[in-house]
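Note sheet for the following structure.
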Amino acid sequence: MRILGVDPGLRRTGFGVIDVMGAKLSYVASGTIVVPTDITLPLRLKVILDNLRQVVEDTQPDVAALEIVFMNTNPASTLLLGQARGAALCALADRNLAVHEYTALQIKKSVVGAGRAAKEQVQMMVQRLLMLDGVPSPDSADALACAICHAHVAPLTEKLEKMNYQSRTSRGRSRVRAGRLLG
């Protein structure tokens, strides 16, 4: 499975792509989309949209993982970040990718083992987990961490969904049998 992780931002949007084969994680690509600040908001959002479309086209991921926006102390900043996130979601949806969303706390806990980890800790763990030669930039590291989080969470989620489906199916059969017995 190839996973594209995205760390959306209106100034800098990080992306990271990894391959997952069983428990083995392999680095594919990463980078930062630097959005010019001297252009209008609609054009800034278009930069994110167009560049993420190109990343998807170039790397051909099977699935995407995106960081969920947290409520900032400044509502205006939160709103702007949400718009950047929306542009990223549109780029991924435009390429028909399933998108899984994780909070920063979930991502840090999955990668570092502590939900309140510092950015430097995330960078170092991403470097170690993917056996990179150097420390990735903060935006790339956050995006790669998001992809790693999905790699860790997806197998468990699939198993739980399968168990839940089987449980619902077996309960449904029991009711039908009980209904026939009473009928």
Side-chain angles (χ1 to χ4, degrees), residues 1-20 25 27-108 110-112 117-127 129-130 132 134-151 153-154:
M1 172 173 52
R2 181 166 283 187
I3 305 168
L4 166 62
V6 179
D7 178 37
L10 199 53
R11 290 188 186 127
R12 302 171 69 80
T13 292
F15 66 89
V17 183
I18 63 170
D19 281 337
V20 182
L25 305 176
Y27 173 84
V28 175
S30 66
T32 303
I33 300 165
V34 179
V35 183
T37 56
D38 60 346
I39 58 177
T40 65
L41 178 61
L43 290 176
R44 292 170 79 185
L45 297 174
K46 186 173 178 352
V47 168
I48 296 167
L49 178 78
D50 291 344
N51 280 275
L52 277 179
R53 281 179 174 157
Q54 189 63 51
V55 168
V56 171
E57 189 175 314
D58 292 347
T59 61
Q60 297 294 306
D62 300 309
V63 66
L66 190 72
E67 188 174 326
I68 295 174
V69 174
F70 62 93
M71 187 59 175
N72 202 329
T73 55
N74 182 345
S77 296
T78 303
L79 182 61
L80 288 171
L81 180 56
Q83 291 178 24
R85 190 172 176 280
L89 280 168
C90 286
L92 302 173
D94 185 53
R95 298 298 189 237
N96 298 312
L97 283 175
V99 178
H100 301 270
E101 301 174 276
Y102 301 97
T103 65
L105 191 73
Q106 288 172 308
I107 295 166
K108 289 176 181 181
S110 174
V111 174
V112 179
K119 277 200 174 283
E120 296 79 19
Q121 289 174 295
V122 173
Q123 288 174 276
M124 289 174 55
M125 281 306 295
V126 165
Q127 180 187 12
L129 289 170
L130 297 176
L132 301 175
V135 177
S137 72
D139 300 300
S140 294
D142 287 349
L144 288 165
C146 194
I148 292 168
C149 175
H150 183 68
V153 171

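FYI, side chains are in, hydrogens and waters are out, and symmetry mates aren't considered; it's all heavy atoms of this structure.
- Residue pairs meeting the side chain to side chain donor-acceptor pair (under 3.5 Å) criterion with at least one partner in residues 35-45, sequence neighbours excluded, are absent.
- Considering every non-hydrogen atom in both T13 and G9, the closest pair reads OG1-O, 2.7 Å.
- Scanning both residues, A143 and G16, for their nearest heavy atoms gives CB-N, 3.5 Å.
- Atom CG of N51 sits about 11.0 Å away from atom OG1 of T32, to the nearest 0.5 Å.
- Put simply, the side chain of S110 never gets that close to the backbone of Q106: no donor and acceptor are under 3.5 Å apart.
- Looking at S140, its side chain never comes within 3.5 Å of a backbone N or O of G14 through a donor-acceptor pair.
- Annotation for Q123 and P136: closest pair NE2-O, 2.7 Å, computed over non-hydrogen atoms.
- V99 has its side chain out of reach of V6: every pair of non-hydrogen atoms, C-beta onward, lies at least 4.5 Å apart.
- Taking CE of M125 as the reference point, atom CG of L130 lies at 10.0 Å (rounded to 0.5 Å).
- No salt bridge links D7 with R12; every basic N to acidic carboxylate O contact stays at or beyond 4.0 Å.
- Considering all non-hydrogen atoms of both residues, V126 and A141 come closest at CG2-O, 3.6 Å.
- The shortest heavy-atom contact between A117 and V112 is CB-CG1, 3.7 Å.
- Among D142, D139, V55, the single residue meeting the side chain to side chain contact (heavy atoms under 4.5 Å, CB included) criterion with F15 is V55.
- Side chains of Q83 and L10 form no contact here, defined as non-hydrogen atoms less than 4.5 Å apart.
- Counting non-hydrogen atoms of other residues, nucleotides and ligands closer than 6.0 Å to CZ of R11 gives a total of 12 or fewer.
- With rounding to the nearest 0.5 angstrom, the CZ atom of R53 is 8.5 Å from the SG atom of C90.
- Distance CG/L97 to CG/L92: 6.0 Å, rounded to 0.5 Å.
- I3 has its side chain out of reach of P61: every pair of non-hydrogen atoms, C-beta onward, lies at least 4.5 Å apart.
- For V111 against C149, the heavy-atom pair with the smallest separation is CG2-N, 4.4 Å.
- Side-chain N or O atoms of D62 include one that pairs as donor or acceptor with a backbone N or O of R2 at under 3.5 Å.
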Apply side-chain contact (heavy atoms from CB on, under 4.5 Å) to the pair V47 and I39, showing each step before the final yes or no.
CA-CA 10 Å; V47 168; I39 58 177; 4.1 Å; yes
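- Atoms CD and CD, on E57 and Q54 in that order, are 5.0 Å from each other to the nearest 0.5 Å.
- We find the CG-CD1 distance between D50 and I33 to be 9.5 Å, quoted to the nearest 0.5 Å.
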